[in-house]
Each structure stands twice: as C-alpha cells, then as structure tokens.
> 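Pasting a structure below so you can have a look.
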Number of protein chains: 2
Amino acid sequence: MTRNVRTYDHFCAVARALEQVGDRWSLLVIRDLLTGAKRFTDLMDRLGGITPKTLSQRLRELDDAGIVTADREPGRREVWYRLTPAGADLGPVIGTLGWWGLRHAWRWPQAGEPLHAEHLLGAAIQAIDLATDHHGPARWHFRLDGADYLAESDGHEWSVTAKAPSAPADVTITGTAQALVALIFAGSDLGIDIKGEPGAVERFRQLIGTMATVVHPA
Amino acid sequence: MTRNVRTYDHFCAVARALEQVGDRWSLLVIRDLLTGAKRFTDLMDRLGGITPKTLSQRLRELDDAGIVTADREPGRREVWYRLTPAGADLGPVIGTLGWWGLRHAWRWPQAGEPLHAEHLLGAAIQAIDLATDHHGPARWHFRLDGADYLAESDGHEWSVTAKAPSAPADVTITGTAQALVALIFAGSDLGIDIKGEPGAVERFRQLIGTMATVVHPA
DNA sequence: CTGGATCCATGATGATACTG
DNA sequence: CAGTATCATCATGGATCCAG
C-alpha cells in the first residue's frame, strides 16, 4: 500500500494543509492526540467506527507528514503515538472547527452514540474561552468514568489533558461523562460530586453551563 | 444520487463539523466563497482539478447543510452561490488551516500550478494578522490580472473581498499575481505598481513581506 | 455559453477475520 | 497489543454529452 498522495495542486496554504490532514479520520486522530499520547487501541476505542486498517494507514501518513511520531521502546509491546510540535500546532484548527460545530451542527447525544469525556470537555472549554469574559486562571480536575482529566487556563489559553494533576486543582469533579452532560445542559447535580473552595466551585458552576447557551440544536 | 450521509456518530462537536465540511473539496469551495459570491464556472476556474460532477454535488450538500445558498433569479441565466451566515462563520476554520499550512506545509509554486491572487492574498493577510503587531486600520486595493480585490483591516480583523473598493483605498497595487509573489518573497518590484501616500505605501511594503518570514519551505 | 447530468474506471474506505 | 489480509462497497476522477 503506497502513501495516499492525492493532492489538489493549488498554490494555496489552505489546500496544502488539507493535503496533509484533509482525509477522512485524520483530524479526529489528531483531536484525540491533543490531550496526550495514546496507544493504538486507545485510539481505536475513542474513534468509534474506524477500522484498524484505516487507523494504521492514517497514523503512517501523519507520521510521514511530521505531525505524529510513534514511540517504540525495545522490550515493550506498546507503541505510544504522540503529536510533534507541528501536530500540536493544529490545536487551533481543531478548536475553531469544534467551535463552529458546537454552534451550527450540534445534536443531542443519540442512543448508542459513544460519549467520551474528553470530547465533551474540549467543547466545554472552547465555549468558555470564546463565549464568556472569564479570563482568570483555573485548574479543574475531572474524574469521569474512572479516568482523570485536567482542564486548565493560565488566564489566556485553555487546555485539556488526559491525566491527573500533579499539583492540587481548584475544583475536583467526580462522576460519569453522562452525568456531566446533565450538569452542563440541565444544571442537574445527579451523579456528580464537586469539591473545592466555595468561590472556585461557584465560578466553575457558572462557567460549565456556557456550552448549553451557545448550542444551536439541530 | 442521494445525499452523502456518511457520519462519524461521535458525540463531539469536531466530528459533527467534519460531517458537514470534511469531504474532499468542501472547505476549498467555502474558501473561494469567503471573498464573495461566485458562479459555477467561477468556482470551476479557481478549484483547478475539480470535476463538474463533484462541484455540483458539494454545492448541493453545502446547501442542504445551510452553509451555501444558490441565488437564482427568473430571467437570468447565472446562478450565484454565496455563503450563509453559518457558512461565513467558517472563516476562522479556513484561517487557522491556512495559517498552519503556511508554516508547516508550504511549497514554492510548481510549474503549471494555477496561481490565484485571492489565495495568495488570503495567506498574506493571515500572516500579517498573526505574525506582526500591526493593528491599525488599512485598506489596500489590488488589481491583479485584471481583477479587483480589496484587503482591509478595521484594526482588529482582516478581510479580503473580490471587488473594487467603493471608497478610495490607502494603497493601490497593480500587476499580476505572479509579480506579487516576487514582491512578497524577493522584495522585487518588477511588474508591480504601488500607489498611495508615502507613509501608507511604506507600511504596506513592510507588512506584505511578512508571509515570506513565517514560511517553512518544504 | 452556463450549469449541469451520465457513464465508466479507479482508488479509498468499510466489514470481518485473523496473526506475530 | 498492534496491527495485516481479504473482500465488498462507495466516493471520486475523467471524459463526454445535453438542456436552457
């Protein structure tokens, strides 16, 4: 199988970018690597519906393009895929795409549709960043479905990382991704535990509902 | 032929957005409509390599998605395609994609590669916006290969429109797109005529070369 | 001449099963 | 765990043709 070298042959930066990341699934692979390195099967889990053939092909193409690298260590079975600096620079592309999708192509969770916490958190953070005037620092530790996520802002830029915080967070949220949807869209605390200083918890509660206010349900 | 309903079935704003605009050519159609309404054959010209079948299919899909509308007037042969407000909201997506492409996937113009002035201008404006600290207003009128373009900034946001300015511009640049490439990348004035107040012309000259400084040639 | 539609060839993707 | 092999299907490209 040779590299998919389908090009547009336009003298245009947008076309050049799409030649690298415009194939089906490519940007979703990058989306899932933005929160940290993942193994092949981690990606298979999150990219519900992709076939192993397509995933390995995309990873190889992204590697060739200098967007992804594969960490292989002798004596270890696992291969960890992570973004290169050029790959990490695609963050704003995913960000603007998600922001548009949130406002113009949203749909309520469908029956049987996989619900991954980090996809939800990515959209929530994007909505807070672009639709509120909150620009203070924040560190929120989510423990959802048994996995840890750290959402933090330095006052300018937000990030979501799939790991437990090394230093204590302002707010710790424990529960399921499903229950977090209910908190965001209905303000319901059912199945969610929120801990932290009263002021920080209050700020979190105010901000986390932002996503519900910008969605244009289809 | 039925609508291409291929979905990802992820509960994720990025995936939802890609279901609407992730098909091959879709974002390039939108790129070319960002500078103003175009006819079918205008788009065929700019989207070098697309087949009429694919273009009409994409336009129909984007229409169904509420991103594009077709203006048909009785007694007029032409159909003018333009972006809806939701379509215009994709501007930042094209912008970040082009900005990434400029830095990480640039390539010098290839022999026989079509060179369209508006694609060049879009990238130049993006580079000036993100790589300089120039945030004053500007109005530049380009007349390239016989077509008019207005690039303007209100001090916050840049835009490129494929039309002659209604009010006088600060600077008027006349020549070919090919010669503009030489100006940007080599500082060469050959084949380019620049008119305007000395201060405005000087600012233009300083800024227009920005693109050359951020490119990472492949 | 614009705005497509049609036919066929090819190549990309999907489904399923299987392996080092 | 990290893929590959095989087969089926569907989207896209190339060329051509046609209606208003």
Side-chain angles (χ1 to χ4, degrees), chain A residues 1-10 15 18-29 32-33 37-65 68-82 114, chain B residues 1-10 15 18-29 32-33 37-65 68-82 114:
Chain A
M1 195 254 1
T2 101
R3 168 84 203 281
N4 173 8
V5 284
R6 191 182 252 185
T7 62
Y8 289 109
D9 296 325
H10 291 195
L18 287 173
E19 286 173 0
Q20 314 291 321
V21 299
D23 283 336
R24 186 162 160 77
W25 295 108
S26 288
L27 281 170
L28 295 184
V29 171
D32 285 344
L33 291 176
K38 304 259 182 311
R39 292 169 299 183
F40 192 89
T41 43
D42 295 334
L43 291 169
M44 284 293 293
D45 287 346
R46 284 169 182 75
L47 294 165
I50 199 174
T51 65
K53 171 180 176 172
T54 301
L55 179 56
S56 67
Q57 186 179 331
R58 288 294 172 276
L59 286 169
R60 211 174 309 128
E61 291 164 0
L62 292 171
D63 192 330
D64 289 349
V68 162
T69 56
D71 287 348
R72 300 164 201 270
E73 281 183 25
R76 193 185 58 185
R77 288 173 66 88
E78 309 100 272
V79 180
W80 288 85
Y81 293 96
R82 59 184 174 78
Chain B
M1 198 252 3
T2 101
R3 169 82 202 280
N4 173 8
V5 285
R6 191 180 250 184
T7 61
Y8 289 109
D9 296 326
H10 291 194
L18 288 172
E19 287 172 0
Q20 314 290 321
V21 298
D23 283 334
R24 186 162 161 77
W25 297 108
S26 289
L27 281 170
L28 295 184
V29 172
D32 284 343
L33 291 176
K38 305 260 182 310
R39 291 169 299 181
F40 191 88
T41 41
D42 295 333
L43 292 170
M44 284 293 290
D45 287 345
R46 284 168 182 76
L47 295 164
I50 199 173
T51 64
K53 171 180 176 172
T54 301
L55 178 56
S56 68
Q57 186 178 331
R58 287 294 171 276
L59 286 169
R60 210 173 311 125
E61 291 164 1
L62 292 171
D63 192 332
D64 290 350
V68 162
T69 55
D71 287 348
R72 300 165 201 271
E73 280 184 26
R76 193 185 56 188
R77 295 166 66 89
E78 312 100 88
V79 180
W80 288 85
Y81 294 95
R82 57 182 175 80

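Naming convention: chains lettered A, B, ... in sequence-line order (proteins, then strands); numbering from 1 in each chain.
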> Rounded to the Å, how far apart are B:Asp45 CG and C:dT2 P?
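About 9 Å, once rounded to whole Å.
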> Do A:Asp63 and A:Leu59 come close enough that some side-chain heavy atom pair is under 4.5 Å?
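The answer is no; the side chains never approach within 4.5 Å.
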> At less than 3.5 Å, do the side-chain atoms of B:Lys53 and the base atoms of C:dG4 form a donor-acceptor pair?
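Per atom types, no contact qualifies.
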> Whole-Å distance between D:dG20 P and B:Arg72 CZ?
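Checked: the CZ to P distance equals 14 Å.
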> Just compare C:dA5, D:dG14, D:dT12 and give me whichever is closest to any side-chain atom of B:Arg24.
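Within the option list, the nearest is D:dT12.
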> Between A:Gln57 and C:dA12, does any side-chain N or O lie under 4.0 Å from OP1 or OP2?
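A:Gln57 to C:dA12 OP1/OP2: no side-chain N or O under 4.0 Å.
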> Could you state the atom-to-atom distance from CG of A:Asp9 to P of D:dT12 in whole Å?
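Atom-to-atom, A:Asp9 to D:dT12, this comes out as 18 Å.
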> Quick one: does any side-chain atom of B:Arg24 pair with a main-chain N or O of A:Gly22 as donor and acceptor, under 3.5 Å?
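Looks like no, no N/O pair under 3.5 Å.
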> Over how many whole Å does the gap from A:Tyr81 atom OH to D:dA2 atom P extend?
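Between P of D:dA2 and OH of A:Tyr81: 8 Å.
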> When the distance from CD1 of B:Ile50 to P of D:dG14 is rounded to whole Å, what number comes out?
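In whole Å, D:dG14 P lies 11 Å from B:Ile50 CD1.
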> Are the side chains of A:Leu33 and A:Arg82 in touch, meaning some heavy atoms are under 4.5 Å apart?
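A side-chain contact under 4.5 Å is absent here.
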> When you compare the side chain of A:Trp80 with that of A:Glu73, does any pair of heavy atoms fall below 4.5 Å?
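Side-chain contact under 4.5 Å: no.
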> Map B:Pro52 and A:Phe40 onto DNA chain D by nearest heavy atom, then report which one ends up closer to the 5' terminus.
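The residue mapped nearer the 5' terminus is A:Phe40.
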> Which part of the nucleic acid, if any, lies within contact of B:Thr51, taking any heavy atom under 4.0 Å across all strands shown: a base, the sugar-phosphate backbone alone, or nothing?
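Result for B:Thr51 = base.
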> Does a side-chain heavy-atom distance below 4.5 Å link A:Leu55 with A:Phe40?
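Yes; the side chains approach each other to less than 4.5 Å.
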> Find the distance A:Glu61:CD to C:dG11:C1' and express it as a whole number of Å.
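My rounded result for the distance is 13 Å.
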> Just how far, in rounded Å, is C1' of D:dA2 from CG of A:Asp71?
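So the CG-C1' distance, A:Asp71 to D:dA2, works out to 15 Å.
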> Below 4.0 angstrom from OP1 or OP2 of D:dT4, is there any side-chain N or O of A:Arg60?
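For A:Arg60, the contact criterion (side-chain N or O under 4.0 Å from OP1 or OP2 of D:dT4) is met.
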> OP1 or OP2 of D:dG13 versus the side-chain N and O atoms of A:Tyr8: is any pair under 4.0 Å?
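Negative; the distance criterion is not met.
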> Using a cut-off of less than 4.0 Å, is there contact between a side-chain N or O of A:Trp25 and OP1 or OP2 of C:dG14?
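Yes, within the criterion.
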> Return the value, rounded to whole Å, for the distance between atom CG of B:Leu55 and atom C1' of C:dG4.
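About 10 Å, once rounded to whole Å.
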> Find which nucleotide of DNA chain C each of B:Asp42 and A:Thr54 is nearest to by heavy atoms, and output the residue with the more 5' nucleotide.
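The 5'-side residue here is B:Asp42.
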> Measure from the side chain of A:Thr41, starting at C-beta and using heavy atoms only, and say which of D:dA2, C:dT13, C:dG20 lies closest.
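So the nucleotide nearest the side chain must be D:dA2.
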> Reckon B:Arg58 has a side-chain N or O less than 4.0 Å from the OP1 or OP2 of D:dT12?
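Yes, B:Arg58 has a side-chain N/O under 4.0 Å of OP1/OP2 on D:dT12.
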> Closest to the A:Arg6 side chain: D:dG13, C:dG4, D:dA11?
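The listed nucleotide nearest to A:Arg6's side chain is D:dG13.
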> Does the side chain of B:Ser56 get closer than 4.0 angstrom to OP1 or OP2 of C:dG3 through an N or O atom?
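Answer is no, no contact under 4.0 Å.
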> So, taking the atom named OG1 in B:Thr51 and the one named CH2 in B:Trp25, what distance separates them when rounded to the nearest 0.5 Å?
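It comes to 8.5 Å.
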